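If you're wondering where the values come from, they're calculated on a predicted model, not measured in any experiment.
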Amino acid sequence: MQNVVHQYYKRQFDDFTIIVQVNPVSLHGIELTIHKNGEIEKRKMEFDEDIYEDLKVDGFVESSSLEFNLYLKGLVK
């Protein structure tokens, strides 16, 4: 089993926030869309090698694993 330190990125919009988890080895991840009403959408993602440039161009900034995991586990609304 391989140990991986995931990377996290976040962008806030008026009505929702998106937090992305990226596995830097496999380029797979999870995208969470957190709506103002507390609803959370989760999508499994497959990225390409340009993901970091794409996130930067789209206005995403680095985020924390704690924030991502609190939303993923439903501990924050």
Side-chain angles (χ1 to χ4, degrees):
M1 179 177 203
Q2 183 177 4
N3 293 323
V4 175
V5 176
H6 292 91
Q7 296 171 310
Y8 300 87
Y9 299 88
K10 174 177 157 178
R11 180 172 177 196
Q12 293 183 310
F13 297 87
D14 290 336
D15 295 334
F16 59 93
T17 300
I18 296 177
I19 305 177
V20 179
Q21 176 194 64
V22 179
N23 178 323
V25 176
S26 69
L27 295 179
H28 287 87
I30 298 173
E31 179 181 278
L32 299 179
T33 301
I34 302 122
H35 297 273
K36 293 283 185 188
N37 67 3
E39 178 186 348
I40 299 173
E41 297 175 43
K42 174 183 162 186
R43 286 174 295 291
K44 291 185 179 181
M45 307 292 289
E46 290 185 32
F47 306 111
D48 62 22
E49 60 277 350
D50 297 326
I51 183 58
Y52 301 108
E53 183 63 27
D54 293 343
L55 289 167
K56 182 178 178 182
V57 167
D58 290 341
F60 282 80
V61 296
E62 289 190 42
S63 183
S64 75
S65 60
L66 177 60
E67 181 179 19
F68 177 89
N69 283 293
L70 286 171
Y71 282 109
L72 181 66
K73 302 295 183 191
L75 299 174
V76 176
K77 295 256 179 194

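- Linking ILVMFWY side-chain heavy atoms closer than 4.5 Å, directly or via other members, places Tyr8 and Val76 in a single hydrophobic cluster.
- Residues that satisfy the side chain to side chain contact (heavy atoms under 4.5 Å, CB included) test with Phe13, not counting sequence neighbours, are Arg11, Phe16, Ile18.
- Residues Val57 and Phe60 are members of separate hydrophobic clusters, defined by side-chain heavy-atom contacts under 4.5 angstrom among Ile, Leu, Val, Met, Phe, Trp and Tyr.
- From Ser26, atom OG reaches atom NE2 of His6 across 6.5 Å, with rounding to the nearest 0.5 Å.
- In this structure, Asp48 contributes its side chain and Asp50 its backbone to a donor-acceptor pair below 3.5 Å.
- The closest side-chain heavy-atom distance from Ile19 to Glu67 is below 4.5 Å.
- Neither Val22 nor Val5 shares a network with the other; the hydrophobic side chains, linked directly or stepwise wherever heavy atoms of I, L, V, M, F, W or Y lie under 4.5 Å apart, form separate groups for each.
- For Phe47, the ring pair (Phe, Tyr, Trp, His ring centres under 6.0 Å) test picks out no residue, with sequence neighbours left out.
- The salt bridge (charged side-chain N to carboxylate O under 4.0 Å, His left out) check on Arg43 picks up Glu31, Glu41, with sequence neighbours excluded.
- Two different hydrophobic clusters hold Ile30 and Tyr9 under the rule that ILVMFWY side chains link at heavy-atom gaps under 4.5 Å.
- Taken from NE2 in His35 to CG in Asn37, the straight-line distance is 7.0 Å, to the nearest 0.5 Å.
- Atom CD of Glu39 sits in a crowded spot, with more than 12 heavy atoms from other residues, nucleotides or ligands closer than 6.0 Å.
- Hydrophobic clustering keeps Val25 apart from Leu27 (ILVMFWY residues linked when any side-chain heavy atoms are closer than 4.5 Å, directly or through intermediates).
- Taking the side chain to side chain contact (heavy atoms under 4.5 Å, CB included) definition, one finds that Lys36 meets it with nothing, sequence neighbours left out.
- For the atom pair CG of Asn23 and CD1 of Ile51, the computed distance is 12.5 Å after rounding to the nearest 0.5 Å.
- From Glu62, atom CD reaches atom CD of Gln7 across 7.0 Å, with rounding to the nearest 0.5 Å.
- Between atom CG of residue Leu55 and atom NZ of residue Lys10 there is a gap of 14.5 Å, rounded to the nearest 0.5 Å.
- Under the salt bridge (Lys or Arg N to Asp or Glu O under 4.0 Å) criterion, no residue pair touches residues 15-27, with sequence neighbours excluded.
- In this view, Leu72 and Leu32, Lys42, Phe68, Asn69 satisfy the side chain to side chain contact (heavy atoms under 4.5 Å, CB included) rule, not counting sequence neighbours.
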